[in-house]
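Here is the structure we will look at.
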Amino acid sequence: MITGTIVAPGDKVLDRVGQYRLGNGLYEANKRIYSSIAGYVNIYTFKDKSDNLVQVIEVRRSTDPRENELLPYVGAVVTAKVMAVGLRFAKCDIIAIGDKVYKKRFSALLPKKKLRPLEPELSEPFKNFVRTNDYILAKVCEDVGIKDKFVLSIAEDELGVVLCRGKFGEAMKKVDWNTVISTRTGKTEPRKMAKVPQNCVLFNDDSSAMETDA
Amino acid sequence: MEVQISDDEKLFLIHGVESDLRNDGRSCEDFRPMILERGVLSGTNGSCRVQLGQTTDVLAGIKLELESFDTIAYPKPRQPIYFHVDFTANASTQFAGKGGDQYGEEVAAAFHAAYSRSLDFIPNLSKTLVAEGYRWKINMDVSILQWAGSFPDAISLAVIGALSDLEIPEVEVAPDDGGKVSVVLKRPRHGGNMRDEEVPVEMWKLDVTKCPLLLTVSKIGTANLVDCCPEEESCIRAQLLVGISQNPEEEKYDVTCVKQLGGGLLEMESVLEMIELAQKATKGIYEALAKRLKTEERRKPGHSFLL
Amino acid sequence: MPTIRSNLSIPLNELSRIADDQKEVDQTKQRDSSKFRPLCVKCGVFGTQDGSGYAEFGNTRVLAQIFGPDGDGKWEDSYAKITLNLKGVEDETKLAEYRAEIISCISSVIFVQKYPGKVIDIEITVISDDGGALSTALTAVSLALAHSGIEHVGLTTSAHVVLRNDEYITDPSTSESEGVIGGVTFSFVPNLGQSTGINLYGRVPIENVKNLLEFARQKAISLVPVIHKAIVKSVDEMK
């Protein structure tokens with residue numbers, strides 16, 4: 001099959017898997033490979049951990065990954081609003097992926113162990129990181145136990161709170177990466193702020209997202 | 001009824017049915033023992049209760065209604081049997097509240113489709129049209145009291161049972177003022193000194209020998225099964241609801257309804273195999289049903305099956 | 001053979017109710033019993049909806065829209081819930097019958113396990129019904145699914161055929177299906193060759209069932225190129 005061929009759902013893409021690895025938009029039935037969405041065939045290669053070249057075949061709806069995926073996908077950086085903070089999880093609503101705003105909100109969870117990298121159990125309370133009604137930048141990641149909701153992580157320097165308000169609804173200013181100050185009362189509060197890069201690459205179309213799907 | 005069985009149990013069950021041996025010892029074409037009793041509800045014109053395998057329990061009751069209709073709007077005789085299926089929360093928790101309403105409507109619609117040609121296969125059903133603009137409307141109310149698999153089969157048996165139990169009063173039609181007619185119950189006098197109200201009304205019955213049976217045929221693994229129990233239903237790949245009416249004199253079968261249920265994919269050959277199995281099963285059930293309807297003792301009127 | 005009319009347009013004067021005596025156009029009377037009524041299929045009608053499709057067979061017109069997959073906050077099972085809202089069918093019995101059939105068909109093609117905890121809403125509007133509304137609706141849904149990008153087994157085609165005396169008639173209008181012995185709406189996934197929905201009605205002698213189903217299947221197969229072309233065209237436009 002040649003790259004760029006337009007297929008309808010149910011069209012046979014390959015007679016057998018062969019050297020390819022199956023990407024999105026394909027399924028296997030009776031040992032043949034069929035398309036499961038309408039789009040065009042795309043083949044790309046990447047190097048896996050042991051430096052082998054892997055060829056992945058997939059069906060895409062659009063060159064833009066935001067248009068291609070209906071739902072927030074693993075590895076995507078999303079904007080979310082913290083709706084409630086519990087003991088072990090913070091409930092969030094995903095509002096946008098990159099600069100594409102979803103029509104509806106998707107509920108997601110931010111577990112406590114994904115607040116900071118490589119730290120199994122935090123003794124610090126949740127409110128030192130995020131509080132209700134904060135807007136955060138987070139990455140969608142996979143969790144074995146939770147399937148019906150998206151799981152978020154802010155365990156990276158670039159991720160964390162981007163907008164928060166104080167007790168009286170006033171804007172809070174960033175002091176450093178873990179402190180904010182109220183513009184009205186001058187009181188400081190702890191937060192895990194995001195270090196938003198100037199040249200922000202929200203979508204790196206490489207292994208991290210695709211490997212898990214294959 | 002909700003059943004939770006593990007993958008290993010499912011696998012055991014599937015392998016079993018593929019070698020024609022089910023967990024309760026039946027073969028794929030066997031039904032569970034059935035109980036059919038008529039005249040169970042004293043407040044109805046005809047009623048029937050069917051129990052399948054001691055757990056699926058269905059109660060059907062008929063209320064007659066003399067309906068006047070517009071002869072211009074409906075010039076042709078219409079099918080007079082109306083179905084209403086009611087799932088109670090007693091049968092399964094998933095029907096609690098309004099949960100069963102939509103499902104009940106869908107099952108009733110399937111029965112409407114299967115009985116859409118009832119005027120053809122119940123020869124004396126056209127008698128329900130008593131006069132120009134007047135007819136007996138047959139309201140069939142079915143309640144699912146307990147659910148343990150293959151309830152459409154049980155409903156269709158209960159429907160036939162209730163139809164055979166149904167007694168429709170004979171009427172006399174007399175012309176009335178303004179081109180209309182008046183419909184009066186027929187009370188034949190055989191002498192005696194009785195007041196009019198005490199003379200019993202003459203009744204007639206429907207001929208149900210060709211009524212369609214609706215059976216569910218399920219595909220589990222590579223096997224086709226009739227009358228699945230709940231454990232088997234959790235392993236179903238696809239299901240067909242087949243309505244077959246038999247013409248006993250000529251050994252002819254008519255298919256009145258085929259529906260694919262429950263969201264599964266089926267090969268064309270499988271569909272035909274499943275219809276064939278349904279036909280085979282229908283034949284056996286028809287025989288058993290005819291025998292039962294003939295030999296069943298009448299219940300004492302005024303006593304419900306609960307007593 | 002079926003033809004495609006390219007761009008969707010429903011002129012306002014055609015949207016008004018068609019009088020019963022006007023339904024029969026002269027040319028449909030001479031139609032070959034193995035041919036479909038003039039048809040129009042369109043994948044992707046509204047840009048703002050997640051998925052939309054339109055199918056028209058003669059005077060039967062159906063519009064399908066898909067919303068989702070969305071999270072509704074309540075559904076937490078490991079597969080997607082599919083809900084259906086069917087509009088424009090007045091007869092309640094018919095409505096329940098169609099609803100059951102369409103839900104069963106759709107849930108057999110969508111990979112529901114790929115959308116855990118999500119809800120897929122489907123809205124079908126029967127704009128006008130002149131026979132074969134069920135098969136037209138199933139075609140419209142298949143087009144809407146292809147447009148939505150929800151992963152499913154493949155496009156489905158469906159055909160409505162009836163049996164009159166010894167003659168099989170394809171896609172009859174209401175007036176053409178009078179006095180028939182029975183009929184069937186058959187829908188299937190061509191790439192797997194498996195049926196997703198069968199709805200047989202009437203009183204068909206059992207020896208005719210096989211031929212009737214086979215005839216319906218052949219007719220459904222003959223629709224595949226038309227629907228395929230419509231989907232490919234919509235992808236091309238999106239690009």
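Throughout, protein chains are lettered first and strands after them, A, B, ... in sequence-line order, and every chain is numbered starting at 1. No hydrogens, no waters, no symmetry mates; every other heavy atom, side chains included, goes into these values.
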Salt bridge check: are B:Lys252 and C:Glu207 linked by an N-O gap of less than 4.0 Å?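 Judged by the 4.0 Å cut-off on N to carboxylate O distance, B:Lys252 and C:Glu207 do not form a salt bridge.
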Exercise. B:Gln260 side chain to C:Ser195 main-chain N or O, any donor-acceptor pair under 3.5 Å?
Worked result: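 Looks like yes, one N/O pair under 3.5 Å.
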Portion of [X] that has a non-hydrogen atom of chain B nearer than 4.5 angstrom:
X	value
C:Val189	side chain
C:Ile181	backbone
C:Phe186	side chain
C:Glu92	neither

Minimum heavy-atom distance between C:Ala96 and B:Ala109, given as atom pair plus value: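 Distance-wise, the nearest heavy atoms are CB-CB, 3.9 Å.
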Note to self: Give me the atom names and distance for the closest heavy-atom approach of B:Glu267 to C:Gly193.
What the structure shows: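 Closest approach of B:Glu267 to C:Gly193, heavy atoms only: OE1-O, 3.9 Å.
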Heavy-atom cut-off 4.5 Å, strictly under: side chain, backbone, both or neither for [X] against chain C?
X	result
B:Val242	neither
B:Leu241	neither
B:Ser270	neither

Item to complete: Name the option with the most non-hydrogen atom pairs under 4.5 Å to chain B; the candidates are C:Lys94, C:Arg217, C:Glu214, C:Arg99.
Response: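 Answer, by heavy-atom pair count under 4.5 Å with chain B: C:Arg99.
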TODO: Kindly compute the distance separating CG (B:Leu261) from OG (C:Ser104), expressed to the nearest 0.5 Å.
DONE: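 Spacing of CG (B:Leu261) from OG (C:Ser104) equals 6.5 Å.
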Next on the checklist: Before you tell me yes or no, could you show the steps for B:Leu272 and C:Leu213 under side-chain contact (heavy atoms from CB on, under 4.5 Å), namely the whole-Å CA-CA distance, both residues' side-chain angles and the distance that decides it to 0.1 Å?
Outcome noted: CA-CA 9 Å; B:Leu272 296 172; C:Leu213 285 174; 4.0 Å; yes
If you apply the rule side-chain contact (heavy atoms from CB on, under 4.5 Å), what do you find for C:Glu97 with B:Lys259, and how did you get there? CA-CA 10 Å; C:Glu97 194 184 342; B:Lys259 275 177 196 296; 3.0 Å; yes
> Given C:Ile206, which of B:Asp254, B:Thr282, B:Ile275 fulfils the side-chain contact (heavy atoms from CB on, under 4.5 Å) condition?
Replying inline: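 Single side-chain contact (heavy atoms from CB on, under 4.5 Å) partner of C:Ile206 among B:Asp254, B:Thr282, B:Ile275: B:Ile275.
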